[in-house]
Enquirer: 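Let me give you the structure first, and then I'll get to my questions.
Quick caveat, the model's predicted, so the values are computed rather than measured.
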Amino acid sequence: MEDDRTMTHLKSLREFIAALDEIGDVQRIDAEVDWNLEAGAVIRRSYDLLAPAPLFTNLTGYQGTGFRLFGAPGALSSGEHRFARIALAVGLPAEATGQEIVEALAAARAKPGIPPVVVDAASAPCKQNIVVGDDIDLFAFPTPLIHGNDGGRYLQTYGMNIVRTPDGSWTNWSINRMMIAGRDTLACLIPAPQHLGVIRALWAAEGKPMPIALAIGVEPGLPFVGGMPIPQGEDESHYLGALFGEGIELVPAQTVDLLVPATAEMVVEGYISLDETVMEGPFNEFPGYIATDASPKALFRVTAVTYRDDAIQPVVAAGPPVEEDHTIIGTTSAAEILYLLREADLPIASCWYNFEAAVHWLTIAVRGDWHETSKLSSAELIDRIADVIFAGKPSVNAPKILVVEDDVDITDLSQVVWAFATRSHPERGEFHFPHKVSMQLAVYLSEEEQHTFMAGKVIYNCLLADLFPAGARPVKGSFENGWPAEIQERVLTNWEGYGYK
């Protein structure tokens, strides 16, 4: 399925905030708020209430600096369009549905990448202030202590880690948390199987520290593609160019041989030490539980900090659904899986990670005519799906997968629960796939599974088409299906006349 719509490319965090403000989805907070836990609690509360995204302008101890914090930048939105922050970030109108967002992202995967455009550093907003050497002080910025149990102040919760292989053939953009360890050092989570870890291993094999740039407050599409499981060796910035039909704007970093987003609010440059570590954590993560463990992590030695006047730092208060871990990983992983399944010529209508399940649960909708067109049984179709999505990174966050027909709106959790409960046979409806690539943070995993990144997966068969003869499949008894069209129209026309608002 092609998507040829014109995309709106918001080229900075500030353009994104302005677009959200236009639809009433930003709450400017001019009252004094303490960076020490209070800001994080406000952000967390905004998730729970689906409130507008908080923009903090008056932070304790940082008055007069102009520095600001922007919370919940990629969460679900207030108002009638719950996916507005996601949609606007990836170039769609605020009213776009979840399936329309996934379709646009999947369609861009089939297009040739468009490389970034290098612009004049002299005019790049991210270069308005440049700090190097002994003047570097990460505590000069109002980085919050987010959760009550955090091991420190986390500068990186929604920025882009930019690294390149030693031979220069592959640049990778990702989001991995980083905690301030000192005035010019950060503690970095770098899991070995992730692309950031793969590239670090290449630098370590050459006996060299890895150059890195951390770009904070980037244009809104970048965090989404940074969380997308595109194949190893492919550059996320080129994919974002394909999505928008134009290259994003980059400038050379000050002290490392990397290109960074020209409109970033802040860029922290330096090197990941070859062998030095520092304690990091605890920090709450996407499964939604209070973290209690700290451990040694890689040390990031900072060589330069550049930033915009009145810089804005986006902040994520990770935890129970729905926050950015769920919207970013869920939306983009669903798009990649949809693209791969269609490339395998399977009859897939759509894919969706139900955000409420904390990216532990993926739902795949197949076309209603799948049985007639494919000549497969549901068991055979599920095996074909498993062969595609369990082959690598895309399904790492999908330990539980539901396969349904497309009469179910898979972005509506109530419909998904209904389909699962009424269509999956309690004995014959489960298909188990042991020892597949897995996330390491699920609380039910054994210590071995956590360390090896390998664990079992299950696919629940919620398909009906091969259980009933043609024309006799059970039909959902909904408003749309259960009454004649003229009755539906009469009820809709008279709805307010009945006394409803």
Side-chain angles (χ1 to χ4, degrees), residues 37 39-41 43-48 71-76 143-161 174-181 186-197 214 216 223-224 226-229 278-298 300 314-333 353-362 393 395-400 437-447 449-455:
L37 298 180
I43 296 168
R44 185 68 247 179
R45 184 67 171 157
S46 77
Y47 294 135
D48 296 341
L76 295 180
T143 300
L145 185 68
I146 301 171
H147 312 97
N149 52 297
D150 286 353
R153 298 166 69 175
Y154 277 79
L155 181 69
Q156 158 62 317
T157 60
Y158 201 69
M160 300 306 305
N161 308 319
S174 66
I175 305 176
N176 292 77
R177 73 188 194 219
M178 295 187 184
M179 186 187 86
I180 296 176
L186 292 160
C188 307
L189 174 67
I190 308 180
Q194 293 185 8
H195 290 168
L196 182 63
L214 164 60
I216 298 168
F224 279 87
M228 189 170 186
V278 64
M279 292 300 291
E280 182 270 344
F283 186 74
N284 295 355
E285 276 284 3
F286 67 84
Y289 297 90
I290 294 289
T292 58
D293 294 333
S295 60
K297 301 292 196 312
F300 180 159
V315 180
V316 169
V322 177
E323 43 92 342
E324 285 76 4
D325 285 298
H326 314 119
T327 59
I328 288 179
I329 296 171
T331 305
T332 62
S333 295
Y353 276 82
N354 298 101
F355 296 153
E356 297 85 350
V359 292
H360 288 55
W361 191 351
L362 166 70
K393 187 178 177 183
S395 66
V396 65
N397 288 296
K400 304 173 182 73
V437 178
S438 171
M439 62 177 173
Q440 80 275 28
L441 294 176
V443 297
Y444 55 75
L445 294 176
S446 70
E447 188 172 344
E449 289 169 329
Q450 292 173 1
H451 290 159
T452 61
F453 297 88
M454 301 294 286

Enquirer: Apply the test side-chain contact (heavy atoms from CB on, under 4.5 Å) to residues Val322 and Thr327: give CA-CA distance (whole Å), side-chain angles for both, the deciding distance (0.1 Å), then the verdict.
Expert: CA-CA 7 Å; Val322 177; Thr327 59; 3.7 Å; yes
Enquirer: Excluding sequence neighbours, so at least two apart, what forms salt bridge (charged side-chain N to carboxylate O under 4.0 Å, His left out) with Glu280?
Expert: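 Residues passing salt bridge (charged side-chain N to carboxylate O under 4.0 Å, His left out) with Glu280: Arg177, Lys297.
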Enquirer: Is there side-chain contact between Val396 and Pro229, with at least one heavy-atom pair below 4.5 Å?
Expert: no
Enquirer: Return the minimal non-hydrogen interatomic distance between Val278 and Ala298, and the atom names on each side.
Expert: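 It is CG1-O, 4.5 Å.
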Enquirer: Are the side chain of Ser395 and the backbone N or O of Ala398 linked by a donor-acceptor pair below 3.5 Å?
Expert: no
Enquirer: Output the distance between atom OG1 (Thr157) and atom CD1 (Ile216), rounded to the nearest 0.5 Å.
Expert: 8.5 Å
Enquirer: Drop me the distance from Asn354's CG to Lys400's NZ, to the nearest 0.5 angstrom.
Expert: 13.0 Å
Enquirer: Does Val359 form a side-chain contact (heavy atoms from CB on, under 4.5 Å) with Ser333? I'd like the steps, not just the answer.
Expert: CA-CA 9 Å; Val359 292; Ser333 295; over 6 Å; no
Enquirer: Would you say the side-chain atoms of Gln156 pair up with the backbone N or O of Gly159, donor to acceptor, closer than 3.5 Å?
Expert: yes
Enquirer: Show the nearest heavy-atom pair for residues Ala442 and Pro287, with the distance to one decimal.
Expert: N-CG, 4.5 Å
Enquirer: Kindly give the heavy-atom pair with the smallest separation between Phe286 and Asn397, and that separation in Å.
Expert: CZ-OD1, 3.5 Å
Enquirer: If you round to the nearest 0.5 Å, how far is CD1 of Ile328 from OH of Tyr353?
Expert: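 CD1 of Ile328 is found 14.5 Å from OH of Tyr353.
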Enquirer: So which heavy atom on Ala72 is nearest to which on Ser46, and how close?
Expert: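 In terms of heavy atoms, the two residues are closest at CB-OG, 3.9 Å.
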Enquirer: Which heavy atom of Pro320 sits nearest to which heavy atom of Arg44, and what is that distance?
Expert: O-NH2, 2.8 Å
Enquirer: In Å, rounded to the nearest 0.5 Å, how long is the span from CZ of Phe224 to CD1 of Ile175?
Expert: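 Between Phe224 CZ and Ile175 CD1, I get 8.5 Å after rounding to 0.5 Å.
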Enquirer: To the nearest 0.5 Å, tell me how far Gln194 CD sits from Gln440 CD.
Expert: 6.5 Å
Enquirer: Locate the shortest heavy-atom distance separating Pro399 from Met439; write the atom from each residue and the value.
Expert: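 Result for this residue pair: CG-CE, 4.0 Å.
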Enquirer: Any heavy-atom pair between the side chains of Tyr47 and His326 that's under 4.5 Å?
Expert: no
Enquirer: Check whether Glu324 reaches the backbone of Gly74 with its side chain - one donor and one acceptor, N or O, closer than 3.5 Å.
Expert: yes
Enquirer: With no hydrogens and no angle check, is any side-chain donor or acceptor of Glu323 less than 3.5 Å from a backbone partner on Asp325?
Expert: yes
Enquirer: Could you list the donor-acceptor pairs under 3.5 angstrom formed by side chains in residues 146-153, with sequence neighbours left out?
Expert:
residue, atom, partner, partner atom, Å
His147, ND1, Asp150, OD1, 2.9
His147, ND1, Asp150, OD2, 3.0
His147, NE2, Ala318, N, 3.4
His147, NE2, Ala318, O, 2.8
Asn149, ND2, Asn284, OD1, 2.8
Asn149, ND2, Ala291, O, 2.9
Asp150, OD2, Ile146, N, 3.4
Asp150, OD2, His147, N, 2.9
Arg153, NE, Thr143, O, 2.7
Arg153, NH2, Tyr62, OH, 3.0
Arg153, NH2, Phe141, O, 3.4
Arg153, NH2, Thr143, O, 3.0

Enquirer: Checking Tyr154 side chain against Gly281 main chain: does a donor-acceptor pair fall under 3.5 Å?
Expert: yes
Enquirer: side-chain contact (heavy atoms from CB on, under 4.5 Å) for Val437 and Met454? Distances and angles first, verdict last.
Expert: CA-CA 5 Å; Val437 178; Met454 301 294 286; 4.0 Å; yes
Enquirer: Going by side-chain contact (heavy atoms from CB on, under 4.5 Å), Met178 matches just one of Asn161, Leu189, Leu155. Which one?
Expert: Asn161
